[in-house]
Amino acid sequence: MRKTKLAMLQSVVALILCAAMLVGTTFAWFTDEVTSAVNKIQAGTLDVDLVDAAGNSLEGTSLTFMDVTGNTDILWEPGCTFKTQGFRVANRGSLALEYTMYINGLLGDSKLLEVIRFSVQDADGYTVAIDTFEGQLSARASSDVFYLVGHMDENAGNEYMNLTLTGIGITVYATQAMEENDSFGPEYDKDA
């Protein structure tokens with residue numbers, strides 16, 4: 001009998017709970033919600049290129065040293081200076097960049113590198129050694145015209161005769177510049 005009373009009591013409690021839940025669902029509650037879309041998240045791109053005066057990419061092509069008359073059939077000798085046709089550095093990406101240039105891909109008689117110095121020259125004749133040259137470009141901008149200049153030391157002796165260097169290439173190395181802003185200013189990428 002005690003079990004029956006306990007079972008009845010549990011049934012009554014369950015019935016009361018069900019009734020309370022039913023009453024609670026019939027009340028009207030005020031509710032509201034709002035959703036706002038965040039436009040989008042787009043990662044920037046860093047894309048640097050070497051281009052000719054017309055804006056055509058020079059990637060995979062060769063620049064040629066020439067004399068002041070435009071003659072490309074030249075021979076190097078102590079004290080001579082030759083430069084390539086003009087080129088520009090183009091930022092094809094969406095992020096500002098800082099860049100440097102260096103010479104690579106040298107084949108042949110590397111001994112000539114002891115007496116030939118490479119530099120970068122602008123259209124006004126201002127010349128900077130290639131290993132100290134630096135530039136900066138905003139997104140989708142191009143530099144002024146530059147020339148790669150090679151100068152053979154005036155004191156180069158006979159041991160440099162008949163030597164040949166080929167495969168000279170210019171590599172532009174770009175890193176993200178500290179120009180864009182985040183919520184706190186432009187210094188979020190200062191260590192990039």
Side-chain angles (χ1 to χ4, degrees), residues 40-77 79-110 112-153 163-182 185-192:
K40 68 178 178 178
I41 296 175
Q42 175 70 46
T45 57
L46 189 68
D47 185 9
V48 67
D49 198 4
L50 277 178
V51 297
D52 62 17
N56 300 313
S57 179
L58 293 172
E59 187 171 358
T61 64
S62 296
L63 296 175
T64 305
F65 283 103
M66 62 185 104
D67 64 17
V68 294
T69 66
N71 180 21
T72 59
D73 187 25
I74 55 176
L75 296 174
W76 292 68
E77 57 188 88
C80 70
T81 301
F82 298 113
K83 66 182 180 180
T84 64
Q85 67 267 36
F87 61 89
R88 297 176 190 268
V89 178
N91 182 352
R92 302 214 189 261
S94 60
L95 298 172
L97 58 83
E98 295 175 346
Y99 63 94
T100 57
M101 293 184 211
Y102 64 93
I103 300 295
N104 69 346
L106 301 169
L107 303 172
D109 300 309
S110 61
L112 275 174
L113 291 176
E114 297 171 1
V115 293
I116 296 179
R117 298 292 170 250
F118 295 101
S119 55
V120 177
Q121 186 179 77
D122 68 12
D124 296 327
Y126 181 72
T127 305
V128 176
I130 197 163
D131 57 345
T132 61
F133 179 83
E134 295 177 346
Q136 185 169 347
L137 290 171
S138 295
R140 293 179 177 66
S142 292
S143 70
D144 292 331
V145 174
F146 295 120
Y147 304 90
L148 177 64
V149 176
H151 174 78
M152 188 169 195
D153 189 318
L163 298 181
T164 303
L165 263 179
T166 60
I168 299 170
I170 302 172
T171 296
V172 178
Y173 180 74
T175 57
Q176 184 176 339
M178 192 173 61
E179 185 174 295
E180 288 80 19
N181 289 298
D182 69 353
E187 293 191 6
Y188 75 98
D189 57 357
K190 69 181 176 194
D191 298 322

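In this text, all values refer to a predicted model and were calculated from it rather than measured experimentally.
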Point to revise | Spatial distance of atom OG1 (Thr127) from atom NE2 (His151) [nearest 0.5 Å] | key: 11.0 Å
Check your understanding: Under 3.5 Å, side chain of Gln85 to main-chain N/O of Thr64, donor-acceptor pair present?
Key -> yes
Review point. Of the non-hydrogen atoms in Val149 and Gln121, which two are nearest, and what is the gap between them?
Key: CG2-CB, 3.6 Å
Review point. Once you round to the nearest 0.5 Å, how far does CG of Leu113 lie from CG of Leu106?
Key: 5.0 Å
Check your understanding: Counting N and O atoms only, with roles assigned by atom type, does the side chain of Thr84 sit under 3.5 Å from a partner on the main chain of Leu148, one being a donor and the other an acceptor?
Key -> yes
Review point. Under 4.5 Å between any side-chain heavy atoms of Ile103 and Ile130, yes or no?
Key: yes
Review point. Can you list every pair that meets ring pair (Phe, Tyr, Trp, His ring centres under 6.0 Å) and has a residue in residues 57-76, with sequence neighbours left out?
Key: Phe65-Trp76, Trp76-Phe82
Point to revise | Pairwise distance CG(Leu112) to CG(Asp153) - rounded to 0.5 angstrom | key: 12.0 Å
Review point. CD/Gln176 to CG/Leu95 distance, rounded to the nearest 0.5 angstrom?
Key: 5.0 Å
**Study point:** Non-neighbouring partners of Phe146 that pass ring pair (Phe, Tyr, Trp, His ring centres under 6.0 Å), sequence neighbours left out
**Key:** Phe133
Practice item. Output every pair passing side chain to side chain donor-acceptor pair (under 3.5 Å) with a member in residues 95-110, not counting sequence neighbours, ordered by first then second residue. Key: Asn104-Thr171
Check your understanding: Taking Asp49 for the side chain and Val51 for the main chain, is one N or O donor matched with an acceptor at less than 3.5 Å?
Key -> no
Revision key, fill the gap. Residue set satisfying side-chain hydrogen bond (donor to acceptor under 3.5 Å, both in side chains) with Thr45, at least two apart, ordered chain then number -> Ser94
Point to revise | For Asp47, side chain to side chain contact (heavy atoms under 4.5 Å, CB included) partners two or more places apart | key: Arg92
Exercise for review: Please identify each residue that fulfils side chain to side chain contact (heavy atoms under 4.5 Å, CB included) with Thr61, with sequence neighbours left out.
Suggested key: Leu58
Study note, to complete from the structure: Contacts satisfying salt bridge (Lys or Arg N to Asp or Glu O under 4.0 Å) that involve residues 112-130 (not counting sequence neighbours) are Lys111-Glu114
Review point. How far apart are the closest heavy atoms of Val89 and Val172, and which atoms are they?
Key: CG1-CG1, 4.2 Å
Review point. With Thr72, which residues qualify under side-chain hydrogen bond (donor to acceptor under 3.5 Å, both in side chains), at least two apart?
Key: none
Check your understanding: How many angstroms lie between CD in Gln136 and CG in Asn91, if you round to the nearest 0.5 Å?
Key -> 10.0 Å
**Study point:** Partners passing side-chain hydrogen bond (donor to acceptor under 3.5 Å, both in side chains) against Ser142 (at least two apart in sequence or in another chain)
**Key:** none
**Study point:** Residue pairs, two or more places apart or on separate chains, that pass salt bridge (Lys or Arg N to Asp or Glu O under 4.0 Å) and touch residues 129-145
**Key:** none
Review point. Sequence neighbours excluded, which residues qualify as side chain to side chain contact (heavy atoms under 4.5 Å, CB included) partners of Thr69?
Key: Asp67, Asn71
Check your understanding: With side chains defined as the heavy atoms from C-beta onward, is the minimum distance between Leu107 and Leu165 less than 4.5 Å?
Key -> no
Practice item. List for me each residue that meets side chain to side chain contact (heavy atoms under 4.5 Å, CB included) alongside Glu77, sequence neighbours excluded, and say none if there are none. Key: Cys80
